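To start, the structure itself, in structure tokens.
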Number of protein chains: 4
Amino acid sequence: MSEGKARRDPAGFEAKRREILRAATRAFARKGFTGTRVGDIAKEAGIAYGLIYHYFENKDDILHQLFEQMWGVSLKVIEGIEAQGGSLEDKLRGIAGFFLEAWRLEPDTVEVVMKEVLRSPKFLEADNLDAFRGLFTALEGIFEGHRDELREGTQPKLIAILFLGALEILLTGMVARELLGTDADSIEQSRDALVDTFLRGIARS
Amino acid sequence: MSEGKARRDPAGFEAKRREILRAATRAFARKGFTGTRVGDIAKEAGIAYGLIYHYFENKDDILHQLFEQMWGVSLKVIEGIEAQGGSLEDKLRGIAGFFLEAWRLEPDTVEVVMKEVLRSPKFLEADNLDAFRGLFTALEGIFEGHRDELREGTQPKLIAILFLGALEILLTGMVARELLGTDADSIEQSRDALVDTFLRGIARS
Amino acid sequence: MSEGKARRDPAGFEAKRREILRAATRAFARKGFTGTRVGDIAKEAGIAYGLIYHYFENKDDILHQLFEQMWGVSLKVIEGIEAQGGSLEDKLRGIAGFFLEAWRLEPDTVEVVMKEVLRSPKFLEADNLDAFRGLFTALEGIFEGHRDELREGTQPKLIAILFLGALEILLTGMVARELLGTDADSIEQSRDALVDTFLRGIARS
Amino acid sequence: MSEGKARRDPAGFEAKRREILRAATRAFARKGFTGTRVGDIAKEAGIAYGLIYHYFENKDDILHQLFEQMWGVSLKVIEGIEAQGGSLEDKLRGIAGFFLEAWRLEPDTVEVVMKEVLRSPKFLEADNLDAFRGLFTALEGIFEGHRDELREGTQPKLIAILFLGALEILLTGMVARELLGTDADSIEQSRDALVDTFLRGIARS
DNA sequence: GATGAATGAGCGTTCATTCAT
DNA sequence: CATGAATGAACGCTCATTCAT
């Protein structure tokens with residue numbers, strides 16, 4: 001839809017697309033993806049609902065682009081963290097901190113992505129998993145880059161999966177607004193518990 | 001549904017209910033909850049359409065009962081493991097092993113519960129979280145029972161959450177049939193990586 | 001259904017039939033005919049719902065028999081009033097009084113017949129109208145029997161219809177429990193207004 | 001439905017709404033409200049299934065709007081008659097004539113309103129009665145305006161109810177197409193019998 | 001007589017998407 | 001770019017009735 005057409009005002013087009021995307025995010029956060037009608041998004045954005053289809057393929061596409069956007073940023077951040085160097089601990093703390101902090105900055109976006117993308121049955125389909133795999137791979141690469149600091153027998157891939165699973169549940173807990181505190185202190189504690197546990201374990205040495 | 005009416009054959013009723021539940025599980029595993037029509041379940045069970053509604057409130061109720069059933073078993077197993085005593089390591093290995101093994105024994109059930117219940121937006125609603133909280137609490141209790149073996153500052157509740165998040169992603173990875181191997185060996189490796197990481201951490205001491 | 005079968009205990013059969021009919025009347029009065037499920041009637045009667053079909057053809061038949069019963073009584077009363085002789089005024093007051101009083105004695109029955117039979121679209125079908133026509137005819141006969149007391153040009157048939165229409169709306173108003181009072185005094189006033197209006201209007205001055 | 005959305009062509013919208021309403025009226029008159037499927041209305045109107053729901057909340061709403069429309073006109077006519085002044089006899093004859101004539105002009109509409117609204121159990125619910133009460137009140141007002149021409153002890157409210165009940169049964173009889181003739185002469189006779197009966201009955205001798 | 005499991009036709013409603021204007 | 005009227009496939013659920021036991 002967005003390729004091949006000569007837009008008269010590409011910048012304006014893009015701006016409106018983002019505006020609709022933001023409106024959709026608010027709507028999804030409020031009523032969920034399924035519970036939100038295309039008309040609801042239009043109303044939230046203050047436009048006619050037919051216009052949505054000038055900017056997006058279909059309703060799914062909106063969610064998909066929302067995910068892609070957040071995902072792109074996430075990957076860049078992780079790559080940036082890796083590029084910046086530093087200790088494994090710093091890197092893990094940076095990654096965990098980024099995701100947890102993201103919730104504070106854009107709770108709607110994170111909530112929608114968590115609930116409607118990551119926690120959706122559809123997510124487990126090959127297409128979406130590919131995106132997720134990029135994150136796995138990036139994290140796996142980090143662990144491999146610090147292989148000599150790891151116990152023998154540690155499998156970077158498996159650890160990357162476990163780490164992201166634990167991180168995901170922290171976000172889930174925050175999104176649920178019940179399981180975990182969402183103030184700055186609580187978030188810091190969660191982050192540290194995650195990183196420390198993975199790095200050093202919980203057993204009294 | 002089950003109140004007030006005197007069933008002539010309660011055992012037969014219950015047997016049929018389970019039979020339909022099994023049929024539904026197969027159908028859900030194949031086409032997802034949403035993708036499965038009530039008629040599909042009936043066909044799979046070899047019964048008439050409307051009979052479903054003699055045994056279940058509605059379509060949602062079927063999924064809910066499936067979840068309740070698995071959940072009830074899970075809680076009992078964990079309580080059994082706790083009651084049996086032993087080291088913290090044994091307990092964690094037992095719990096992780098139970099869930100991972102469950103997938104081998106009843107892949108359909110686990111798949112449906114993972115995909116359609118735990119990974120569903122609706123799951124984050126208060127009602128369902130309550131069930132989940134029982135699991136958190138049980139695990140938290142286990143950690144607390146071994147408090148003197150834990151590092152200082154370890155928060156049992158947070159660790160319980162992290163552990164279950166990591167465990168959940170292993171199951172998710174298995175359900176996705178792509179991220180993780182599902183043979184006995186792979187499962188054992190996953191379980192050990194999980195337990196070892198949490199217990200001892202990954203950093204070379 | 002009720003013909004041709006040799007019942008072992010005709011009296012007991014009839015008693016139970018009436019019992020179910022009463023239960024159905026209560027249920028219909030509470031939730032309306034359409035809103036009442038066959039199972040509701042069974043529950044109200046304390047029997048299994050399948051048993052209903054031993055005593056009645058189907059759900060419609062229950063309502064029909066309820067109507068027939070009330071209607072039969074009504075016709076007999078009117079015939080009785082006519083047979084008893086007396087002035088036209090006495091007869092009209094007797095008829096109106098009977099129907100209005102019936103509501104006090106068996107509000108559920110009257111309510112159901114009014115709401116579900118007389119005020120039902122189906123009522124206007126030929127079959128049911130026949131029954132009603134009996135009432136018209138009887139009343140028409142009464143007016144004709146007093147033809148010499150009526151103004152010239154008075155058409156007994158038309159007057160009978162008008163009278164019953166006015167009577168019906170009084171019952172409707174009582175059933176609605178809002179338009180008209182339902183205490184003994186109010187009922188008497190309604191009856192007298194009806195009879196007096198018609199009488200002085202049609203009486204040869 | 002009509003709030004919040006800026007219609008490009010409100011007049012066209014309204015025209016189409018009325019068109020569908022007319023189609024629905026024809027369908028209801030033919031097969032009854034319950035017997036008419038939404039699809040039947042669409043077919044009768046020559047439009048697609050779902051379009052009905054752009055113009056009406058649901059099936060009930062169609063009937064309701066039909067009723068409201070006829071009711072609004074009726075009330076205006078009565079108020080007009082009252083405003084016009086004249087004798088009580090003229091007014092009653094005008095009111096009765098209007099309703100009876102309406103059947104000749106729009107038999108479908110009157111038939112549907114009579115059968116499906118006034119003679120429906122739902123009609124006796126408070127909401128609908130309120131509309132009807134407007135009619136009662138208006139008529140009551142007319143009688144009160146001519147109080148000095150009435151017999152002592154005449155209760156305008158009761159007489160209004162009786163009059164409308166008698167009028168209603170005339171319409172019912174015409175709708176049933178069996179009880180009463182529907183030619184111009186018969187209609188006139190019915191109207192006169194009604195008015196004369198009431199008038200001479202309640203007029204101060 | 002009595003029970004309640006079994007049947008399955010039937011229908012209103014939603015809503016993403018298209019497209020004429 | 002923008003609008004909103006038009007489309008129609010899709011589906012869960014109810015419930016009167018039957019019938020084996």
Side-chain angles (χ1 to χ4, degrees), chain A residues 5 7-9 12-13 16 34-42 46-62, chain B residues 5-10 12-13 16-17 34-42 45-62, chain C residues 5 7-9 12-13 16 34-42 46-62, chain D residues 5-10 12-13 16-17 34-42 45-62:
Chain A
K5 284 182 190 164
R7 311 240 168 255
R8 247 179 285 174
D9 179 7
F13 180 88
K16 190 123 198 177
T34 304
T36 301
R37 285 166 301 184
V38 174
D40 293 335
I41 301 173
I47 59 174
Y49 58 84
L51 194 55
I52 303 271
Y53 292 87
H54 283 252
Y55 294 90
F56 299 91
E57 290 278 354
N58 50 39
K59 195 184 168 192
D60 275 345
D61 185 39
I62 302 176
Chain B
K5 283 182 193 166
R7 309 233 170 261
R8 202 138 31 127
D9 180 7
F13 181 87
K16 189 119 200 178
R17 207 194 112 267
T34 304
T36 301
R37 284 163 301 179
V38 174
D40 294 336
I41 301 172
I47 59 172
Y49 206 89
L51 193 54
I52 302 275
Y53 292 89
H54 275 254
Y55 292 92
F56 299 91
E57 291 282 347
N58 50 41
K59 198 184 167 192
D60 274 348
D61 185 39
I62 300 176
Chain C
K5 283 183 191 165
R7 311 241 168 253
R8 247 179 285 174
D9 178 7
F13 180 87
K16 190 122 198 177
T34 304
T36 301
R37 284 165 302 182
V38 174
D40 293 336
I41 301 172
I47 58 173
Y49 57 84
L51 194 54
I52 303 270
Y53 292 87
H54 283 251
Y55 294 90
F56 299 91
E57 290 279 352
N58 50 39
K59 195 184 168 191
D60 275 344
D61 185 39
I62 300 176
Chain D
K5 283 182 193 166
R7 310 231 169 262
R8 198 130 42 117
D9 181 7
F13 181 87
K16 189 119 200 178
R17 205 193 114 267
T34 303
T36 302
R37 285 163 300 178
V38 174
D40 294 335
I41 301 172
I47 58 173
Y49 208 92
L51 194 54
I52 303 275
Y53 292 89
H54 276 253
Y55 292 91
F56 300 91
E57 291 282 348
N58 50 40
K59 197 185 168 190
D60 275 346
D61 185 39
I62 301 176

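Just so we're on the same page: letters track the sequence lines, and every chain starts at 1. Just so it is clear, the model here is predicted, and its values are computed rather than measured.
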* Should F:dA9 form a Watson-Crick or G-U wobble pair with both distances under 3.5 Å, which nucleotide is its partner? ->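 Checking every strand shown, F:dA9 finds its partner in E:dT14, with both distances under 3.5 Å.
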
* Pairing nucleotide - F:dT18, Watson-Crick or G-U, each distance under 3.5 Å ->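 F:dT18 is paired with E:dA5.
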
Spacing of [X] atom [atom1] relative to [N] atom [atom2], expressed in whole Å:
X: D:Arg17; N: F:dA5; atom1: CZ; atom2: C1'; answer: 16 Å
X: B:Ile52; N: E:dT7; atom1: CD1; atom2: C1'; answer: 12 Å
X: C:Leu51; N: E:dG4; atom1: CG; atom2: P; answer: 11 Å
X: B:Tyr55; N: F:dG12; atom1: OH; atom2: C1'; answer: 20 Å
X: C:Asp9; N: E:dA2; atom1: CG; atom2: C1'; answer: 15 Å
X: D:Lys59; N: E:dC11; atom1: NZ; atom2: C1'; answer: 8 Å
X: A:Ile62; N: E:dA16; atom1: CD1; atom2: C1'; answer: 11 Å
X: D:Ile47; N: F:dA6; atom1: CD1; atom2: P; answer: 7 Å

* **Sugar-phosphate only, base, or nothing, as touched by B:Asn58 at under 4.0 Å among non-hydrogen atoms** =>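 Sugar-phosphate contact only.
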
* At under 4.0 Å between heavy atoms, what does B:Thr34 touch on the DNA or RNA strands: base, sugar-phosphate, or nothing? ->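 Contact class for B:Thr34: none.
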
* **Upstream residue (5' side of DNA chain F) when A:Gly46 and C:Thr36 are each assigned their closest nucleotide** => A:Gly46

* Structure fact -> The reported gap from CD in B:Glu57 to CD1 in B:Ile62 (rounded to nearest 0.5 angstrom) is 11.0 Å

* **Distance, nearest 0.5 Å, that separates NZ of B:Lys59 from CD1 of B:Ile52** => 11.0 Å

Assess whether one donor atom and one acceptor atom, taken from the side chain of [X] and the base of [N], lie less than 3.5 Å apart.
X: A:Tyr49; N: F:dA5; value: yes
X: D:His54; N: F:dA6; value: yes
X: D:Tyr53; N: E:dG12; value: no

* Around atom CZ of B:Arg37, are there more than 12 heavy atoms of other residues, nucleotides or ligands at under 6.0 Å? ->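 No.
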
* Between D:Gly35 and B:Ala48, which is nearer to the 5' end of DNA chain E once each is assigned its nearest nucleotide? ->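 With B:Ala48 and D:Gly35 compared, the 5'-side residue is B:Ala48.
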
* Does B:Lys16 use its side chain to pair, donor to acceptor, with the backbone of B:Tyr55 at less than 3.5 Å? ->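 No.
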
* Any side-chain N or O of A:Lys16 less than 4.0 Å from the OP1 or OP2 oxygen of F:dC1? ->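 Looking at the OP1 and OP2 atoms of F:dC1, neither is under 4.0 Å from any side-chain N or O of A:Lys16.
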
* Asked: So do the side chains of B:Asn58 and B:Val38 get within less than 4.5 Å of each other, counting heavy atoms only?
  -> no

* **Nearest listed nucleotide, side chain of B:Phe13, among E:dA5, E:dT3, F:dA16** => E:dA5

